[in-house]
Amino acid sequence: GYIQACRGLMISAVCLGFFGAVFGLVGMKCTKIGGSDQTKAKIACLAGLIFILSGLCSMTSCSLYANRITSEFFDPSFVAQKYELGAALFIGWAGASLCIIGGSIFCFSIAENSNSPRRGYAYNGATSVLSARTKVHNSVPDKTPPKHFDKNAYV
């Protein structure tokens with residue numbers, strides 16, 4: 001029975017993760033679909049909540065399975081084959097943690113837009129920068145040609 005519960009939780013975590021990714025793509029500022037920035041922020045927050053729920057389902061499934069393995073491993077009356085915690089459980093815990101952290105980051109994206117709207121910057125045009133050496137040479141015009149020419153003067 002516990003294996004069926006773990007399978008169900010993992011399948012629901014995968015499905016929630018898919019829908020969280022779809023809502024996350026729609027809620028990003030760089031996409032054209034989704035409406036205004038305020039609507040996109042709400043969609044991104046919804047994606048964050050779905051990712052957190054997906055991470056919790058995955059974390060619950062991995063923890064339930066690990067609890068069963070450890071309880072059977074340390075039970076002296078259990079005579080069947082005993083299993084140890086494998087790499088798949090650790091990868092599951094790490095993935096669930098990343099889903100929860102990423103979902104919380106998505107949820108904080110709604111707080112960024114509530115402070116103030118974006119303001120544009122005006123373009124003032126290009127400015128030319130003259131060095132101090134150019135100013136000195138241009139301020140005193142010298143009409144006399146240079147007296148020492150060598151072969152590298154025009155190169």
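Keep in mind that what you see is a predicted model, and the values were worked out from it rather than measured.
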Problem set entry | Close side-chain approach of Cys99 and Ile52, heavy atoms under 4.5 Å | no
For this session: Evaluate the side-chain proximity of Met59 to Ser97: yes if any heavy-atom separation is below 4.5 Å, no if none is.
Result: yes
Exercise. Quick one: are Trp93 and Ser63 in side-chain contact, heavy atoms under 4.5 Å?
Worked result: yes
Problem set entry | Test item: Thr60 side-chain N/O and Leu56 main-chain N/O as donor-acceptor pair under 3.5 Å | yes
For this session: Output the rest of the hydrophobic cluster of Ile50: all Ile, Leu, Val, Met, Phe, Trp and Tyr residues reachable through side-chain heavy-atom contacts under 4.5 Å, sorted by chain and number.
Result: Leu16, Phe23, Val26, Ile33, Ile43, Leu46, Leu53
Problem set entry | Heavy-atom side-chain contact between Cys45 and Lys42 under 4.5 Å | no
Problem set entry | side-chain hydrogen bond (donor to acceptor under 3.5 Å, both in side chains) evaluation trace for Thr39 with Ser36 | CA-CA 5 Å; Thr39 307; Ser36 67; 3.2 Å; yes
Problem set entry | Minimum heavy-atom distance Cys107-Gly48, with the two atoms named | SG-C, 3.8 Å
Problem set entry | ILVMFWY cluster, Ile3 and Leu85 together (side-chain gap under 4.5 Å) | yes
Exercise. What closest approach, in Å, do Ser58 and Ala13 show between heavy atoms, and which atom pair accounts for it?
Worked result: N-CB, 3.9 Å
For this session: Flag the pair Phe51 / Ile100 as yes when at least one side-chain heavy-atom distance between them is below 4.5 Å, and no otherwise.
Result: no
For this session: Could you tell me whether a side-chain N or O of Thr31 sits under 3.5 Å from a main-chain N or O of Leu25, the two making a donor and an acceptor?
Result: yes
Exercise. Under the 3.5 angstrom rule, does the side chain of Lys40 hit a backbone N or O of Met28 as a donor-acceptor pair?
Worked result: yes
For this session: Mark yes or no for whether Thr70, through its side chain, and Asn67, through its backbone, hold a donor-acceptor pair below 3.5 Å.
Result: yes
Exercise. Do any pairs count as a salt bridge (Lys or Arg N to Asp or Glu O under 4.0 Å) and have a residue in residues 15-28, sequence neighbours left out, and if so which ones?
Worked result: none
Exercise. Nearest 0.5 Å, what's the OG-CG distance between Ser54 and Leu9?
Worked result: 11.0 Å
Exercise. Does the side chain of Met10 come within less than 4.5 Å of Val14's, by heavy atoms?
Worked result: no
Problem set entry | More than 12 heavy atoms of other groups within 6.0 Å of Phe18 CZ | no
